[in-house]
Amino acid sequence: MGFHHPPGEAEQERIQRAGGTIKRVYHLIPAVVAVVPHQAIAGLLDDPAVAYVEEDKAVISIEPEYTHLARDFFAADDAEYGNAWGVLRIGSREVHERGVTGRGVKLAIVDTGIDYYHEDLDGNYRGGYDFVYDDNDPFDDSWNSHGTHIAGIIAAEANGAGVVGVAPEVSLYALKALDGSGFGSLDSIIASIQWAVDNDMDVLNISIAGIESQVLEAACNAAYEAGLLIVAAAGNTFGGEAAFPGAYTSVVAVAGTDEADQIGVFSPLAPQVELAAPGLGIWSSAQQGGYIEASGTSQSAAHVSAAAALVISSGAADLDNNGITSNQEVRQRLQATAEDLGDAGKDEQYGYGLVDVAAAAVPDDTYIRLESKPRWRDSLQRITLEDAHYRISIENDSLNAVIILVRENQRMRKDLVETVLFVSPWEDLPQQIRMEMDATATALEIIMLPLGRAGAFADVVVSVQE
């Protein structure tokens with residue numbers, strides 16, 4: 001039951017006088033969950049404080065289109081990336097090799113729970129809640145390991161076993177809103193969303209086939225406004241409409257692709273599709289230490305949720321350079337860097353295109369603080385420029401000079417050595433210097449030595465030029 005303003009004691013007493021029993025009072029949105037006699041609903045709707053009354057209907061997990069079990073399929077020396085074609089396809093390995101693994105980002109999964117004893121998940125699992133049985137143990141008891149499979153795509157550890165996830169060091173939380181058969185309620189989903197906001201999650205992954213609902217949409221909108229990025233499966237509707245909550249504007253709806261980048265036959269054809277990601281024949285973790293292969297937009301959404309975590313941890317989406325990466329900036333970054341497939345521009349099959357985390361999680365510009373320290377060796381800064389044309393911009397605060405050395409194939413390029421002198425560093429600041437560096441078809445190691453009193457500094461921005 002939704003209200004026009006947060007329901008207080010008077011509104012709750014009105015429900016009780018009508019013979020109702022209140023089960024839950026939300027604070028993310030102005031609504032309550034209550035058991036009310038059918039004959040009392042009309043009277044409650046006459047209350048000017050009541051905005052709407054909805055039935056707490058059932059929701060289900062978006063079931064895989066096929067699942068194959070392989071408990072002991074992987075040998076210990078198998079290549080984890082080779083067992084996770086989707087992780088490779090969206091460029092995750094390149095991002096991992098840059099040291100971006102999702103560390104420090106909090107990602108929650110609304111699903112059937114997680115087998116947190118699994119060797120590929122135990123190191124990243126941080127907790128959660130079970131809204132089915134109302135306790136702190138969101139263990140996955142589902143018949144098809146749905147939540148555990150999603151968790152592995154997102155966060156399987158790089159530990160030499162099984163598979164590797166898109167974000168192998170993300171902080172992983174389980175919100176069990178679906179029971180072992182894959183069924184849940186709107187209440188459990190909304191309570192999970194509220195928990196995610198209350199506990200400062202950065203990303204929320206939801207793979208359910210819900211119904212269009214005012215209260216669910218209100219919860220998604222409120223969570224998005226609070227800074228949470230919600231990623232959901234677009235639904236296995238075989239060319240039909242997008243499923244809810246993926247169809248809401250505050251949620252990123254994800255369609256599924258195969259290894260040839262063709263849209264999966266199970267995916268919807270709908271304007272709400274925002275991104276596409278691998279979803280066919282995805283190997284990932286299962287209960288009791290096993291692994292299964294499954295297909296569907298649930299698997300695709302997991303790739304995008306984890307890609308968002310990598311973008312956040314990389315800082316590449318901090319578009320206004322304020323040191324904070326917002327959910328809106330992450331969403332824009334994923335859209336702008338997606339690989340355009342299908343019709344040019346956004347379309348109803350791929351949305352903006354196939355998620356490309358290698359492009360999304362690598363900052364367009366590199367920022368360096370040059371600071372003069374008592375020992376000159378401690379002041380050195382190095383950066384490698386590869387296979388592109390670059391612009392180096394130096395904004396001086398208080399340095400006297402910067403010496404720039406360039407090496408190519410371990411040999412000094414004397415023709416590129418430069419000493420940048422700053423005139424009167426205590427006046428007319430900041431001073432800006434720009435220079436071009438051509439590393440096309442080669443790799444240049446740039447060594448910068450700042451000169452000045454201890455603590456003097458300059459900021460350097462290295463940009464790739466088109």
Side-chain angles (χ1 to χ4, degrees), residues 1-61 108 110-113 128-138 173-201 204 206 208-228 230 232 243-251:
M1 183 181 303
F3 294 84
H4 295 293
H5 56 78
E9 291 184 5
E11 287 78 17
Q12 295 181 45
E13 288 176 359
R14 174 70 184 274
I15 295 172
Q16 292 167 347
R17 286 197 303 269
T21 302
I22 296 174
K23 295 175 58 181
R24 192 191 309 274
V25 179
Y26 300 119
H27 56 264
L28 178 64
I29 55 176
V32 302
V33 180
V35 178
V36 178
H38 182 76
Q39 63 271 20
I41 293 177
L44 290 171
L45 284 171
D46 289 336
D47 188 330
V50 176
Y52 55 86
V53 175
E54 280 190 359
E55 182 182 355
D56 183 18
K57 293 184 178 180
V59 298
I60 62 172
S61 64
V110 179
D111 215 292
T112 60
Y129 197 81
D130 183 343
F131 289 97
V132 176
Y133 300 106
D134 197 23
D135 58 41
N136 292 311
D137 185 17
Y173 295 80
L175 300 176
K176 183 176 174 62
L178 307 175
D179 62 21
S181 61
F183 284 87
S185 66
L186 281 176
D187 173 36
S188 63
I189 302 300
I190 295 165
S192 297
I193 296 171
Q194 180 172 273
W195 188 99
V197 173
D198 290 345
N199 289 274
D200 299 320
M201 296 295 111
L204 187 66
I206 306 178
I208 65 166
I211 61 170
E212 187 170 8
S213 160
Q214 292 183 71
V215 67
L216 179 58
E217 183 175 17
C220 292
N221 292 345
Y224 188 66
E225 291 172 5
L228 181 67
I230 305 176
F244 295 96
Y248 297 131
T249 57
S250 54
V251 179

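Here the structure is a predicted model, which means the values were calculated and not measured. Computation of the quantities below employed the complete heavy-atom set of this structure, encompassing side-chain atoms and omitting hydrogens, waters and symmetry-equivalent molecules.
Minimum heavy-atom separation, S250 to Y224: O-CD1, 3.6 Å. The shortest non-hydrogen separation linking E55 to L186 is O-CD1, 4.0 Å. Smallest separation of non-hydrogen atoms from T112 and K176: O-NZ, 2.8 Å. Considering every non-hydrogen atom in both A219 and I193, the closest pair reads O-CG2, 3.9 Å.
Residues satisfying the side-chain contact (heavy atoms from CB on, under 4.5 Å) test with S181, not counting sequence neighbours, are D179, F183. F244 pairs by the ring pair (Phe, Tyr, Trp, His ring centres under 6.0 Å) definition with Y248, not counting sequence neighbours. Listed by chain and residue number, nothing satisfies the side-chain hydrogen bond (donor to acceptor under 3.5 Å, both in side chains) test with D130 (two or more places apart in sequence, or in another chain). Among residues two or more places apart in sequence or in another chain, the side-chain hydrogen bond (donor to acceptor under 3.5 Å, both in side chains) test is passed with E225 by none. Residues passing the side-chain contact (heavy atoms from CB on, under 4.5 Å) test with S188 are F131, A177, S185, sequence neighbours excluded. Listed by chain and residue number, L28, A223, A226, L228 satisfy the side-chain contact (heavy atoms from CB on, under 4.5 Å) test with V197 (two or more places apart in sequence, or in another chain). By the side-chain hydrogen bond (donor to acceptor under 3.5 Å, both in side chains) test, S192 is found to be paired with no residue, residues two or more places apart in sequence or in another chain being considered. Applying the side-chain hydrogen bond (donor to acceptor under 3.5 Å, both in side chains) criterion to Y129, with sequence neighbours excluded, gives D134.
Taking 4.5 Å as the limit, every side-chain heavy atom of I60 sits out of range of all side-chain heavy atoms of L178. At a threshold of 4.5 Å between non-hydrogen side-chain atoms, the residues P245 and I206 count as touching. Within the 4.5 Å cutoff, the side chain of W195 has heavy atoms near those of the L175 side chain.
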Let me see the working for D56 and V215 under side-chain contact (heavy atoms from CB on, under 4.5 Å), right down to the final yes or no.
CA-CA 10 Å; D56 183 18; V215 67; over 6 Å; no

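Among pairs with a residue in residues 22-34, those fulfilling side chain to side chain donor-acceptor pair (under 3.5 Å) read R24-D187, Y26-D187, H27-D198, at least two apart in sequence or across chains. Applying the side chain to side chain donor-acceptor pair (under 3.5 Å) test to pairs two or more places apart or on separate chains, those with a residue in residues 3-19 are R14-D47.
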Donor-acceptor pairs are to be reported for all side-chain atoms of residues 29-44 against protein atoms at under 3.5 Å, with residues two or more places apart or in another chain.
none

